[in-house]
Number of protein chains: 2
Amino acid sequence: MAKPEIIKSVKDILNNYMNKHQLRKTQERFKILEFVYSMDKHFDVDELHRFLKEKDFVVSKATVYNTLELLLNAGLVKKHYFNNHAAYYEKSFFNKTHDHIIVRDENGNVLKIIEFCDPRIELIKKDLEKITGLQIEDHDLYFFAKPNKN
Amino acid sequence: MAKPEIIKSVKDILNNYMNKHQLRKTQERFKILEFVYSMDKHFDVDELHRFLKEKDFVVSKATVYNTLELLLNAGLVKKHYFNNHAAYYEKSFFNKTHDHIIVRDENGNVLKIIEFCDPRIELIKKDLEKITGLQIEDHDLYFFAKPNKN
DNA sequence: ATAACTGCAAATCATTTGCAGATCT
DNA sequence: AGATCTGCAAATGATTTGCAGTTAT
């Protein structure tokens, strides 16, 4: 499980978000938030749903979908479309902004995901905002590599 | 329609690929390749399928799927997962390497795709290769923006 | 001739939706 | 009390699959 102070903080954030938007504070939403913040890697809806069940917290998959959408809107998770199988999620608060190197074999199977940070991304973003007049809210950068021989 | 010499080149590439992999040279495959290279933006399978029909080249959607997979393996198209609606494709030969700004509404619908090039990406890639010892073969960079008020 | 390809329809699978009953406020 | 949320099952929609007939080699 994630550090208690992190859990507390993200619960506060969710609380504020719900107050602001007049949403109900259900047991399901807070529990799912807690479990999401105990996951240390990317997960899809099915994995999270099974994980909750394992931990004896039974919810419907519909609620998992709904709650992840809520957490997404509250900025508490990030959603990735790595492939056309299913969307992947990861916690996004207290989780330094990072990008990914995805190591895949010839068949496209993901062997390893390496996270990295590079400040130049932010500079590119700023320049693009200046050029386009758009407000960029987020980004995804993936580098794809073949495995090393070793 | 794309420039004749480009069409010729990509047909040659597909030809070689088919020879190498002992695949059949069907009318459908070459026609679809031609139409793909006449598209000037990203498209999904449904759009391409409708486009083909408009141009009086009727194929089944299954063949469109199969052929795009083939072109993907041959390195002639690039596949993108902008959202969880449908995969998007674009021609990838004689098409300068570029990245994308994706303008989406609150519901995640793609409103506009802006292409850009920034040399700093290549520098980041080189540094990552040095640090990790991996050989990076490709990348995807997406910036996400909300639409402008106008 | 025969193995691969196409087209059609059915199957699959992630996600969404509709609605009845439960539960926050 | 009343609106929202949850859970279930059915609907949806992109993609895949199975198979019969067609076509490239």
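No hydrogens, no waters, no symmetry mates; every other heavy atom, side chains included, goes into these values. Order of the sequence lines fixes the chain letters, A, B, ..., with proteins taken first and strands second; residue numbering starts at 1 for each chain.
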Shared hydrophobic cluster for A:Tyr81 and B:Ile102 (ILVMFWY, side-chain gaps under 4.5 Å): no
Length of the CZ-P vector between A:Phe30 and C:dC24, whole Å: 11 Å
Per-pair distances, 0.1 Å, donor-acceptor, side chain in residues 62-75 of chain A, under 3.5 Å, sequence neighbours excluded:
residue	atom	partner	partner atom	Å
A:Thr63	OG1	A:Ser60	OG	3.1
A:Asn66	ND2	A:Ala62	O	3.4
A:Thr67	OG1	A:Thr63	O	2.7
A:Asn73	ND2	A:Glu69	O	3.3

Results of salt bridge (Lys or Arg N to Asp or Glu O under 4.0 Å) for A:Lys130 - residues two or more places apart only: none
Length of the CG-C1' vector between B:Leu48 and D:dT15, whole Å: 15 Å
Those residues that, when tested against A:Asp46, pass salt bridge (Lys or Arg N to Asp or Glu O under 4.0 Å) (two or more places apart): A:Arg50, A:Lys61
Rounded distance (Å) that lies between atom P of D:dA14 and atom CD of B:Glu69: 18 Å
At a cut-off of 3.5 Å, list every protein nitrogen or oxygen paired with a nitrogen or oxygen from nucleotides 4-7 of chain C, distance to 0.1 Å.
residue	atom	partner	partner atom	Å
C:dA4	O4'	B:Arg24	NE	3.4
C:dA4	O4'	B:Arg24	NH2	3.2
C:dA4	N3	B:Arg24	NH1	2.6
C:dC5	OP1	B:Arg24	N	3.4
C:dC5	OP1	B:Arg29	NH1	2.9
C:dC5	OP1	B:Arg29	NH2	3.2
C:dT6	OP1	B:Thr26	OG1	2.9
C:dG7	OP2	B:Ser60	N	2.9
C:dG7	OP2	B:Ser60	OG	3.1
C:dG7	OP2	B:Thr63	OG1	2.7

Partner residues of A:Phe82 under the ring pair (Phe, Tyr, Trp, His ring centres under 6.0 Å) criterion, sequence neighbours left out: A:His42, A:His80, A:Tyr88, A:Tyr142
Protein-nucleotide distance (A:Asp46, atom CG; C:dT16, atom C1'), rounded to Å: 16 Å
Inter- and intrachain pairs under salt bridge (Lys or Arg N to Asp or Glu O under 4.0 Å), touching residues 86-98 of chain B, at least two apart: B:Asp40-B:Lys91
Partner set under ring pair (Phe, Tyr, Trp, His ring centres under 6.0 Å) for A:His85, not counting sequence neighbours: none
Rounded interatomic separation in angstrom, taking CG from A:Leu52 and C1' from D:dG7: 15 Å
Partner residues of A:Phe57 under the ring pair (Phe, Tyr, Trp, His ring centres under 6.0 Å) criterion, sequence neighbours left out: none
Whole angstrom value for the distance that separates C1' of D:dT4 from NE2 of A:His21: 16 Å
Degree of bending, the helix from C:dA1-D:dT25 to C:dT25-D:dA1 (end axes from five pairs; round to 10°): 30°
Residue list, side-chain hydrogen bond (donor to acceptor under 3.5 Å, both in side chains) with A:Asn83, at least two apart or on another chain: none
Under the ring pair (Phe, Tyr, Trp, His ring centres under 6.0 Å) test, residues paired with A:Phe94 that sit two or more places apart: none
Residues within residues 70-90 of chain B bordering DNA chain D, heavy-atom distance below 4.0 Å: B:His85, B:Ala86, B:Ala87
Whole angstrom value for the distance that separates C1' of D:dA14 from CD of B:Glu47: 14 Å
A:Lys25 atom NZ, neighbour heavy-atom count above 12 within 6.0 Å: yes
Separation of atom NZ in A:Lys25 from atom P in D:dC5, rounded to whole Å: 12 Å
